[in-house]
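Worksheet: one structure, shown below.
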Protein chains: 2
Amino acid sequence: MPQEGTFLRPGYKKGTTMADAKCPECQRINEVLSRVGDRWSVLIVISLAQYGVLRFNALKRHLGISQRMLSLTLRELERDGLVSRTYYPTIPPKVEYALTPLGESFQEPVKAMGLWAMDNLPNIDSARIKYDTEAEQEPKSA
Amino acid sequence: MPQEGTFLRPGYKKGTTMADAKCPECQRINEVLSRVGDRWSVLIVISLAQYGVLRFNALKRHLGISQRMLSLTLRELERDGLVSRTYYPTIPPKVEYALTPLGESFQEPVKAMGLWAMDNLPNIDSARIKYDTEAEQEPKSA
DNA sequence: CCGTATCCGATGAGATACTG
DNA sequence: CAGTATCTCATCGGATACGG
């Protein structure tokens, strides 16, 4: 088992170097973002916050995520203590995922992001359109 | 100019598909995260929030980011209306970056994330250690 | 049903060299 | 100083196939 992202040589540490950054605070933030800041983690946390408990395939359908990414991301979230996993050895087997207290606490800043997202997507969109339009207007010649 | 990520065929749209997700809310959140949710964007916003105005190389040194990623990320942030760029045609040239009002508003949820990050990195760390220890304990045989 | 293993294209990101 | 261009590699992520 190749341990998908366990130990990387200096200069490449899941996401970025930041080796010679002058800003130690940024390094720590970067470190946390490297752990729970990816898209799928955020979306899984949101889903679990909403529904309380979800089974593997329920999450899969809900998010439209591939089995592979769901499996990998859930394992990481469990490892980081944000998500609990409960296995029922029935036939067919059943596995339930839920937020731990740590996961619940993470849910709050995530929600803040989510709210901002909802409110400001239109602003971003119009900024883009304006930028792109102006860029077309003034090429080298013309 | 290959337009680094402008148009991708279905099944691959900067980050993820989410084509058949049952959850439309997740799709929107995913969309926003695809825009301003990457590590460098977040860290640049934090830096500008802290210092107000920064020049290109100042940001570069502060974050320990490569020229390439800084250039790309700043352009996206400017396009999305989060960052303003002011060019002074002096010799040598001088360019100043700062947050726009939209960028300032984004700074708040980002700060919430940052605070949570600072507070909970230790929790994540210990959860990891526990998880890894227990995993070693109970392999197939033993 | 709940995963894991493998294959493969797409994206992220540093290093380096060059221009105005 | 403030970038752009190119090269190279690591990681993300979907598709598929298989096992418990």
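To find a chain, count down the sequence lines: A is the first, B the second, and so on, and within it residues start at 1.
A sub-4.0 Å separation between OP1 or OP2 of dG12(C) and a side-chain N or O of R68(B) is absent. For the OP1/OP2 pair of dA2(D) and a distance below 4.0 Å, the side-chain nitrogens and oxygens of R55(B) include at least one atom meeting the criterion. Between S66(A) and dA15(D) there is no side-chain N or O to OP1 or OP2 distance below 4.0 Å.
Other residues, nucleotides and ligands place no more than 12 heavy atoms under 6.0 Å from the CD atom of E108(A). Residue K130(A) qualifies as open at atom NZ: its count of foreign heavy atoms under 6.0 Å is 12 or below.
The CD-C1' distance, from E78(B) to dA2(D), rounds to 14 Å in whole Å. Protein atom CD of Q67(A) is 16 Å distant from nucleotide atom P of dG20(D), rounded to whole Å. Note: CD (E76(A)) to P (dT4(C)) measures 12 Å, nearest angstrom. Regarding E96(B), its CD atom lies at a distance of 12 Å from the P atom of dG3(D), rounded to whole Å. For F56(B) and dT19(C), the CZ to P distance is 18 Å, given to the nearest whole Å. Rounded to whole Å, the distance from CG on L54(B) to C1' on dC1(D) is 15 Å. Distance, I65(B) CD1 to dG12(C) P: 13 Å, rounded to whole Å. The nearest whole Å value for the distance from the CG atom in L74(B) to the C1' atom in dA2(D) is 11 Å.
Residues of residues 42-52 of chain B having a heavy atom closer than 4.0 Å to DNA chain D: none are found. Near DNA chain C, defined here as any heavy-atom distance below 4.0 Å, there are no residues from residues 79-91 of chain B.
Nearest heavy-atom pair, F56(B) versus L70(B), reported as atom, atom and distance to 0.1 Å: O-CD2, 3.4 Å. L99(B) approaches V45(B) most closely through the heavy-atom pair CD1-O, 4.0 Å. Between R35(B) and I124(A) the shortest heavy-atom distance is NH1-CG2, 3.6 Å. The nearest pair of heavy atoms linking G81(A) to T100(A) is O-OG1, 2.6 Å. Of all non-hydrogen atoms in G52(A) and A98(A), the two that sit nearest each other are O-CB, 3.4 Å. Of all the heavy atoms in L48(A) and Y97(A), the pair that sits closest is CD2-O, 3.4 Å.
Side-chain proximity of W40(A) to the nucleotides dA17(C), dG3(C), dG13(D) is greatest for dG13(D). When each of dC2(C), dG13(D), dA2(D) is scored by its nearest atom to the side-chain atoms of P93(B), the top-ranked nucleotide is dA2(D). For M69(A), taking side-chain heavy atoms from C-beta onward, the closest of the listed nucleotides dG13(D), dC2(C), dA2(D) is dG13(D). Of the listed nucleotides (dG13(D), dA2(D), dT4(D)), dA2(D) has the atom at the smallest distance from the side chain of N57(B).
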- Would you please test E76(A) and R79(A) for salt bridge (Lys or Arg N to Asp or Glu O under 4.0 Å) and show each step? CA-CA 5 Å; E76(A) 280 303 298; R79(A) 185 156 99 103; 3.8 Å; yes
- Item | Candidate pair W40(A) and L63(A), rule side chain to side chain contact (heavy atoms under 4.5 Å, CB included), full reasoning | CA-CA 9 Å; W40(A) 289 128; L63(A) 293 176; 4.3 Å; yes
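Once rounded to the nearest 0.5 Å, the distance linking CZ of R85(A) with CG of L77(A) reads 13.0 Å. Distance CZ/R28(A) to CG/N30(A): 12.0 Å, rounded to 0.5 Å.
In the helix from dG3(C)-dC18(D) to dG20(C)-dC1(D), the terminal helix axes, each the rotation mapping four pairs' C1' atoms onto the next four within five end pairs, subtend 30°, rounded to 10°.
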